[in-house]
Structures are given as C-alpha cells and as structure tokens.
Engineer: 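If you scroll down you'll find the structure; I have some questions about it.
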Amino acid sequence: MQETAVAVPYSNEDLQPLNVDVWRNALLKSPTAENLIQTGEALFMRGQGVDALRLALELVSLHPAKTTLVMAAAGMISKHTSRHDIVATLMRNVLAHEPNNLNARMFLADAIMAGGDITGGCRIFSEMMEQYPGQRTSLCEHISMSLLEAGYTMEALQVLSFWLKEVDPNAALMNNMGCALERLGQSALAVPWYEKAMTLAPENPTISFGYSMALLKSGNYREGWPYYAKRVPITNGVQWWFMSLPRLRHGDDLAGKKVILYQEQGLGDTLQFIRSVPYLVEQGAEVTLAILPSLRRLLELSYPDVTIRLIREFAPAEGYDYAAPIPDLPYIAGVMSESEVPAPIPYLRADAADVARFAATMPPRRPRIGLVWAGERRVQSEHVAADKRRSTTLAQMGAALCPVDATLVNLQFGAPRSEITQWQGQPLFDPMGEVRDMADTAAIMESIDLLISVDTSPVHLAGALGRPVWLVSRWDACWRWGDTSDTSPWYPGMRVFRAREKSFDPVLQEVGAALQQWVKAWKAD
C-alpha cells in the first residue's frame with residue numbers, strides 16, 4: 001500500500017523544542033489516549049522522539065490495564081520509529097488483559113513481521129483466519145500489507161491472488177494488489193487494480209497516490225501527473241505559511257505572477273525536478289525557491305535569475321500568487337511523456353573555484369570511481385523499511401567491485417560514512433570531511449569519471465551535472481526509473497542496474513563485472 005504523509009497545522013514559530021517536564025506533568029494528570037497522541041506528535045514533530053518514546057513508555061507502565069492507552073502508544077511508536085520489538089511487547093500486554101482483542105493480535109502480527117520474523121507473524125495470521133472466519137477480508141488486508149512492507153512482495157501477491165477468490169473484494173485489497181504488481185515491475189498490470197479500488201473508494205488519498213505511482217512508472221505521464229499533484233505535500237507534517245496560497249497547476253497563467261516553489265520529499269526530488277524552473281521564468285513568472293540549507297549554494301549557482309530562500313527562515317510576505325511543491329514542476333510544465341522530459345544537461349553547476357580546490361586534493365591515478373552505498377538513515381518506520389530496501393553496505397559493495405584498476409573515491413555522506421573505518425579492502429579516498437553542502441559534493445563529482453550509487457540524492461546530482469552514473473536500483477524500483485529499462489529519460493548519462501531480489505549481492509556482482517570492462521575501455525578526455 002502506498003503511504004502519504006499528512007500535513008498538520010504547525011508554523012515555523014511553533015517548531016521550537018518543548019519543555020518535556022511541563023507536557024509530562026499535564027499528561028500524567030490526564031492520561032488519555034487522545035492526550036498521549038497529541039503530546040507525542042508534538043514532540044516527534046520537533047525532533048524530540050526520544051522524549052516522546054520515554055514518555056509513552058512511562059505512561060503505559062503506570063496504566064498497563066488501560067488498553068486504549070497502550071494501543072495509542074503502540075500506534076504512535078510504530079508510526080514514528082522502527083522499534084517493532086517495543087510495539088510487539090505492548091501488544092502482548094494488551095492481549096494479557098484482553099485475549100480476544102482482534103486488533104491487538106493483528107497489530108502484534110504486523111510488528112513481528114516488520115521485525116523480521118515472517119514465519120511467526122504468518123503463524124498468528126493463520127490462527128486468526130481459523131478463529132475469525134468473518135474477519136478474513138480484514139486479515140487478508142493486514143497480512144498482505146505486512147508482507148509488502150517486509151519486502152516479501154511475491155508472497156503478498158500469492159496471498160492476495162488466493163484470497164481475492166475467497167472473500168468479497170474491497171478497495172484495500174485491490175489497492176494492495178496494485179501495489180504488489182507495481183513493486184514487482186508490472187506497473188501496467190497494476191493500473192487496473194488501482195482503478196477498481198478507486199471505483200469503490202474514489203476519495204481515498206492513499207489509493208489515488210498509489211494509482212499515480214503506477215501510471216508514472218509505466219510511463220503514462222499524461223494521466224499520472226494530475227493524480228500525483230493531488231497528494232497532500234509531504235513536508236514532515238509542517239504546514240508552511242505559503243502552502244495556503246493557491247496551488248499552481250498546469251495551464252495557469254504565469255505572466256507577471258509571483259510563484260513560490262518549495263522543498264518537498266527528498267533532496268533527490270528537488271534535484272531531479274528543478275530542471276523545469278526555466279519554463280516558469282520563460283512564461284513570465286517571478287520565481288522564489290524555498291529550500292533546505294544544503295541546496296542553497298548549488299541552486300544559487302545554477303539559477304541566478306530566481307530568488308532563493310531557506311524554507312525555515314522564509315517569513316510570511318504579501319504579494320505571492322501561487323505556491324507549489326517542487327516535484328509538481330513536470331506536471332506544471334506540461335511534461336506529458338518521457339520524450340518530453342527537459343534535457344538541457346547539465347542544468348546544475350558547481351563553483352569553478354570549488355572544483356579546482358577539490359581537484360587539487362584528488363589522487364592523480366585515474367579513472368576515479370565514486371561510491372555511494374546507502375541512503376540517509378531515517379527514523380519513521382515506513383521510511384526505515386524503504387531505506388533498508390534501497391541501501392547496502394560498503395563491505396558488500398566493495399567486495400563486488402574490488403579489486404579494480406582505478407581510484408575509489410567516497411561520496412557517501414551521513415551516518416553510513418562511518419563504515420569506512422572498518423573497511424579493509426582497496427584504498428578509498430575520502431574527501432567528504434571537507435564537504436559543507438551539495439555544492440561541494442557537485443565540485444567533487446567534476447573530478448570523478450564514474451559514480452556508482454544506490455538510489456539516493458547523489459544519483460540525481462551526478463545526472464544533473466552530466467556526469468556518468470550507474471544506479472544500483474532496489475528490486476522494487478522507484479517509479480522514476482520505470483519497470484525494465486537500463487537507461488533513463490531523466491539522465492542520458494545513467495545506466496540502471498536492477499536488483500531482482502531482496503539481496504543486492506547478485507546485482508552488485510553484475511555491476512562489478514561491468515566495471516572491469518568499463519575500466520579496460522576507459523580513456524581520459
């Protein structure tokens with residue numbers, strides 16, 4: 001099932017850290033499920049997740065028999081963390097007080113499967129199928145969803161295929177079937193299932209978003225973009241002041257209009273879709289970009305004719321006509337097929353002085369191969385699951401690629417970079433300690449000859465700079481890479497290597513073999 005985030009009404013000023021003691025005391029005086037959820041969401045919103053977790057556990061330890069409170073705590077923990085072990089413990093506590101609580105048993109099975117015990121989770125679901133034959137439709141929805149999120153897509157498809165013949169089909173089951181087919185690289189087959197689901201639940205935003213993903217992944221941009229643009233912007237629950245402006249759509253008159261384009265979803269989304277900004281400028285719009293600090297210099301260098309603002313520091317201002325999340329840009333610009341993707345590569349630019357500075361530090365031996373093996377480590381459960389599907393390790397990638405007659409250059413940023421300290425293989429040059437932002441990373445990329453990366457933002461940066469890049473795609477590839485092709489209309493210099501199973505080992509071996517041939521054929525410019 002495709003998930004969408006829901007923005008709630010918080011402004012920039014509201015996002016200051018909370019005094020935990022004050023909120024704790026208030027919650028202890030009125031320990032209701034509603035108050036716990038309100039307090040926990042407020043803390044998680046501000047990055048105080050550890051405080052929220054501690055407070056929830058303290059509260060349920062004081063009131064273990066209040067099952068609605070325990071269920072609320074488990075739901076919040078499941079939503080915002082990957083502590084499936086805690087969720088499972090809480091559900092066992094509920095079942096100790098209410099052995100026939102079906103929701104708690106389903107929640108327990110979900111948590112066990114999310115924690116990696118597929119057999120244990122399926123056993124609980126099987127027992128429930130026998131004990132509650134009238135709930136088989138709901139149970140099928142849960143087990144198929146749990147299998148999908150755990151990465152067992154073929155197994156989910158088999159469950160759905162069987163039970164859709166045995167139970168009354170509903171929108172949720174059809175949605176899950178569409179999701180399973182889309183993740184298996186059969187997006188064209190997924191589309192009719194989503195359409196059936198939408199017939200039964202036309203206003204369901206999750207189904208609408210999944211439908212857009214299947215359409216886009218199958219290459220049907222003309223029908224996919226309008227549904228994609230219906231999503232609630234995914235801004236980590238923050239409602240920025242400019243989101244109350246009319247949302248810019250395809251066909252709106254832009255002449256003389258002031259438009260705010262704002263950061264939404266990941267850095268890679270901004271890097272991929274920002275290429276359509278010139279369309280707005282050419283139509284006469286005055287464009288302001290509200291973005292993250294790591295992108296500021298890069299976009300100032302690349303788009304000097306637009307105004308750049310940091311999203312968290314962009315104070316309310318009058319006179320703006322429209323706003324839109326940056327990933328809406330292809331829809332706004334009328335990119336209705338893969339052949340219409342704007343391709344003025346490169347469309348992002350590094351600073352010449354930065355390029356020279358980093359080039360001076362590079363080992364002279366060429367070719368130079370940049371490596372990125374993991375995405376950003378996140379906290380929320382659904383994001384953790386996606387990161388696990390797209391990420392490998394330096395040890396796993398290095399074992400498949402090395403030894404190679406080339407210089408290896410680290411371009412991994414964030415927490416996974418620490419894996420270098422344990423690396424015992426071929427020397428890996430690491431310039432990332434000097435990197436301040438994406439502009440610096442772009443400057444380093446100008447001195448490498450090939451980037452090999454999992455599906456994360458450096459892939460988009462390399463593609464936008466016109467640098468050769470090999471994408472090691474997870475088995476349930478993101479919509480933007482389509483179902484089967486080894487090339488991309490978004491980045492002409494990209495080659496796509498597709499995993500066909502949960503393990504990255506086979507596809508990395510494929511990349512390693514291709515790299516040996518590439519090095520033999522490589523010639524300096």
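Since this is a predicted model, take the numbers as computed values, not measurements. Numbers for residues simply follow the sequence, beginning at 1.
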Engineer: Quick check: do L69 and T32 have side-chain heavy atoms less than 4.5 Å from each other?
Structural biologist: no
Engineer: For the backbone of I234 and the side chain of E264, can you confirm whether one donor and one acceptor N or O come within less than 3.5 Å of each other?
Structural biologist: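 Yes, the answer is positive, given that a donor and an acceptor are paired below the 3.5 Å cut-off.
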Engineer: Hydrogens and angles aside, do T67 and E98 bring a side-chain donor and acceptor to less than 3.5 Å of each other?
Structural biologist: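 Yes, E98 and T67 have a side-chain donor paired with an acceptor closer than 3.5 Å.
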Engineer: Would a distance-only check, ignoring hydrogens and angles, find a side-chain to backbone donor-acceptor pair under 3.5 Å from K217 to A477?
Structural biologist: yes
Engineer: Output yes when E141 and R136 qualify as a salt bridge under the 4.0 Å nitrogen-oxygen rule, no when they do not.
Structural biologist: no
Engineer: Given the side-chain rings of H142 and W163, with only the six-membered ring counted for Trp, is the space between their centroids under 6.0 Å?
Structural biologist: no
Engineer: Indicate yes or no for a side-chain donor-acceptor contact from E182 to the backbone of A190 under 3.5 Å, with no hydrogens or angles considered.
Structural biologist: no
Engineer: For residues K196 and L200, determine if any side-chain heavy atom of one lies less than 4.5 Å from a side-chain heavy atom of the other.
Structural biologist: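 No; the side chains remain at least 4.5 Å from each other.
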Engineer: I want to know whether W240 and Y262 have ring centres closer than 6.0 Å.
Structural biologist: no
Engineer: Looking at S146, C140, S144, which one forms a side-chain contact (heavy atoms from CB on, under 4.5 Å) with F125?
Structural biologist: S146
Engineer: Looking at every non-hydrogen atom in both residues, tell me the closest pair between T441 and M432 and how far apart they are.
Structural biologist: OG1-CE, 4.0 Å
Engineer: What verdict does the salt bridge (Lys or Arg N to Asp or Glu O under 4.0 Å) test give for E203 and K230, after you've listed the backbone C-alpha separation in whole Å, the side-chain angles of each residue and the deciding distance to 0.1 Å?
Structural biologist: CA-CA 11 Å; E203 302 302 320; K230 289 181 179 180; over 6 Å; no
Engineer: Look only at the side chain of Q263 and the backbone of G266, and say whether a donor-acceptor pair between them is shorter than 3.5 Å.
Structural biologist: yes
Engineer: Might you work through the salt bridge (Lys or Arg N to Asp or Glu O under 4.0 Å) test for D430 and R417, ending with a clear yes or no?
Structural biologist: CA-CA 9 Å; D430 181 20; R417 179 172 170 248; 3.0 Å; yes
Engineer: Answer with yes or no whether the side chains of D505 and Q396 bring together a donor and an acceptor at under 3.5 Å.
Structural biologist: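 Their side chains do contain a donor-acceptor pair, which is all the 3.5 Å distance test asks for.
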Engineer: Check whether any side-chain heavy atom of Y194 lies under 4.5 Å from a side-chain heavy atom of C179, and answer yes or no.
Structural biologist: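 Yes - at least one pair of side-chain heavy atoms lies under 4.5 Å apart.
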Engineer: Over 60° means perpendicular and under 30° means parallel, so tell me whether F209 and Y228 are parallel, tilted or perpendicular.
Structural biologist: parallel
Engineer: Side chains of F314 and I260: closer than 4.5 Å at any heavy-atom pair?
Structural biologist: yes
Engineer: Are the aromatic rings of W479 and W225 close, with centres under 6.0 Å apart?
Structural biologist: yes
Engineer: Can you check whether L148's main-chain N or O pairs, donor with acceptor, with R183's side chain at less than 3.5 Å?
Structural biologist: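 Looks like yes, one N/O pair under 3.5 Å.
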Engineer: Could you tell me whether a side-chain N or O of N176 sits under 3.5 Å from a main-chain N or O of L173, the two making a donor and an acceptor?
Structural biologist: no
Engineer: Ring centres of W373 and F504 under 6.0 Å apart?
Structural biologist: no
Engineer: Distance to the ring centre below 6.0 angstrom and angle to the axis at most 45 degrees; does that hold for K502 and Y152?
Structural biologist: yes
Engineer: Determine yes or no for a side-chain-to-main-chain donor-acceptor pair under 3.5 angstrom, with S485 supplying the side chain and W481 the backbone.
Structural biologist: no
Engineer: Check the pair R498 / D476 against salt bridge (Lys or Arg N to Asp or Glu O under 4.0 Å), numbers first and verdict last.
Structural biologist: CA-CA 9 Å; R498 296 177 182 272; D476 58 333; over 6 Å; no
Engineer: With no hydrogens and no angle check, is any side-chain donor or acceptor of D328 less than 3.5 Å from a backbone partner on Y331?
Structural biologist: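 Checking the backbone N and O of Y331 against the side chain of D328, no donor-acceptor pair under 3.5 Å is found.
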Engineer: Carefully, step by step, assess Y211 and M198 under the rule side-chain contact (heavy atoms from CB on, under 4.5 Å).
Structural biologist: CA-CA 9 Å; Y211 182 48; M198 291 180 64; 3.2 Å; yes
Engineer: Do T39 side-chain atoms and L36 backbone N/O form a donor-acceptor pair below 3.5 Å?
Structural biologist: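 Checking the backbone N and O of L36 against the side chain of T39, no donor-acceptor pair under 3.5 Å is found.
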Engineer: Using only atom types and a distance under 3.5 Å, with no angle test, would you say the side chain of D269 pairs donor to acceptor with the backbone of P327?
Structural biologist: no
